[in-house]
Colleague: 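My structure is below; once you've seen it, I'll send some questions.
We name chains A, B, ... by the order of the sequence lines, and we start the count at 1 in each one.
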There are 2 protein chains.
Amino acid sequence: MHQGMKKKFLSLNERAAYHSLEDVVGCKWSAGVVAALAEGVSRPGELERYIPGISKKILNERLRKLLDYRLITRSEIPGRVPHVAYALTGTGRKLARVIGQLKQLDQAHRESR
Amino acid sequence: MHQGMKKKFLSLNERAAYHSLEDVVGCKWSAGVVAALAEGVSRPGELERYIPGISKKILNERLRKLLDYRLITRSEIPGRVPHVAYALTGTGRKLARVIGQLKQLDQAHRESR
DNA sequence: TCAACCGGGCACCATTTTGTACCCGCTTTT
DNA sequence: AAAAGCGGGTACAAAATGGTGCCCGGTTGA
């Protein structure tokens, strides 16, 4: 695109970025999962109980996706019973803060209605 | 919840907030629409051309939803031919900035793969 | 006169996403 | 011994979302 000329359309990079955004934040329950992790809830069973309404299947899918996007890590806790802990990565914490801002926008919106 | 005690689950308010978030940002094409508006694209026809792949139906639905959440305004441009202009509100601009941050997170993620 | 543009609607269909219910192996509790 | 808990998987059904194609009335252009 020539300097000074207005863009004619969203570039492929931008479109890809928004699709990734949709892929991560756009799915139902994603924001809640990230928020729960940000609050220190780290084990699958805990997350399931902490987020009423979420199904085990969807929780697992969200965790897998967040792992794939490197927004969380997964570690196995030693012991006879298989315990696992998920945690936000640095990028994941940034996402959590962004989600917090979105939440505040919603709050402001609510209060103005 | 007693002070000092850990929350047992996401509160109803938080859940509602995340559902609203999903309702606004979570839908396909929403981020792209907000981004386009942030870049000064304001008329429906322009938006449709600016965001390749989006359908007229979905564009209209997104605009309606953004209006409902008071993230954008709609004004009719005087003239024989019905022209309309959408624009981000203050809150809408904040959302656009947040979306920009999410986009940057995605960029960082891409570069680390 | 017809086509294109303006902005917008809607029925129907296709696709995608989410939820349900059941399954697994293991350990611990009842 | 059975049930419950741990973490996780999958087939199928249900629900939700998005896209197509056509429709509208108006103005302008071919």
Colleague: Taking the side chain as C-beta and beyond, is there a heavy-atom pair between B:Leu10 and B:Tyr18 under 4.5 Å?
Modeller: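 Heavy-atom side-chain distance check passes, below 4.5 Å.
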Colleague: With hydrophobic residues grouped by side-chain heavy-atom distances under 4.5 Å, do B:Ile77 and B:Leu63 end up in a single group?
Modeller: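 Result: no, two separate clusters.
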Colleague: Would you indicate whether the side-chain heavy atoms of A:His83 and A:Val81 approach each other to under 4.5 Å?
Modeller: yes
Colleague: When you get a sec, tell me which of C:dG19, D:dG19, C:dC6 is the closest nucleotide to the side chain of B:Ile58?
Modeller: D:dG19
Colleague: In whole Å, I'd like the distance from the CG atom of A:Leu63 to the C1' atom of D:dG7.
Modeller: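 Value for this atom pair: 11 Å.
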Colleague: Among D:dG8, D:dG18, C:dC6, which nucleotide sits nearest the side chain of A:Val84?
Modeller: D:dG8
Colleague: Please report the shortest heavy-atom distance between B:Lys28 and B:Ile58, naming the atom on each side.
Modeller: O-CG2, 4.3 Å
Colleague: Would you kindly give the CZ-to-C1' distance between B:Arg43 and C:dG7, to the nearest whole Å?
Modeller: 10 Å
Colleague: Rounded to whole Å, how long is the line connecting atom CG of B:Leu67 with atom P of C:dG7?
Modeller: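 After rounding, the reported distance stands at 14 Å.
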Colleague: For B:Trp29 and C:dT16, what is the distance between atoms CH2 and C1' respectively, to the nearest whole Å?
Modeller: 15 Å
Colleague: Strictly below 4.0 Å, N to O, side chains only: are B:Glu61 and B:Lys57 in salt-bridge contact?
Modeller: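 So B:Glu61 pairs with B:Lys57 through a salt bridge.
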Colleague: Send over the distance from A:Glu48 CD to D:dG9 C1', rounded to a whole Å.
Modeller: 13 Å
Colleague: When all nucleic acid strands are considered with a 4.0 Å heavy-atom cut-off, which category describes A:Pro82: base, sugar-phosphate, or nothing?
Modeller: base
Colleague: Measuring from atom CH2 of A:Trp29 to atom NE2 of B:His19, what distance do you get when rounded to the nearest 0.5 angstrom?
Modeller: 4.5 Å
Colleague: Measuring from the side chain of B:Arg74 (C-beta onward, heavy atoms only), which nucleotide among D:dG18, C:dG7, C:dT18 has the closest atom?
Modeller: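 The answer is C:dG7.
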Colleague: To the nearest Å, how far apart are A:Ile54 CD1 and D:dG8 P?
Modeller: 13 Å
Colleague: Measure CD1/B:Ile77 against P/C:dG8 and give the value in whole Å, please.
Modeller: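 So the CD1-P distance, B:Ile77 to C:dG8, works out to 11 Å.
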Colleague: Could you check which of D:dC6, C:dG19, D:dT28 has an atom nearest any side-chain atom of A:Ser55?
Modeller: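 Of the candidates, C:dG19 comes closest.
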Colleague: Measure the angle between the two terminal helix axes of the helix from C:dT1-D:dA30 to C:dT30-D:dA1, five base pairs each, and quote it to 10°.
Modeller: 30°
Colleague: Between B:Tyr86 and A:Val81, name the one whose nearest nucleotide on DNA chain C is closer to the 5' end.
Modeller: B:Tyr86
Colleague: Want to settle it: does A:Lys57 or A:Arg80 sit nearer the 5' end of DNA chain C, counting the closest nucleotide to each?
Modeller: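 Looking at the nearest nucleotide for each, A:Lys57 comes out on the 5' side.
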Colleague: Sub-3.5 Å donor-acceptor pair from the side chain of A:Ser42 to the main-chain atoms of A:Ala85, do we have one?
Modeller: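 Side chain of A:Ser42 to backbone of A:Ala85, a donor-acceptor pair under 3.5 Å: no, none is there.
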Colleague: Tell me the interatomic distance from A:Asn60, atom CG, to C:dT20, atom P, rounded to whole angstroms.
Modeller: 15 Å
Colleague: Looking at D:dG18, C:dG8, D:dC6, which one has an atom nearest to any side-chain atom of B:Lys28?
Modeller: D:dG18
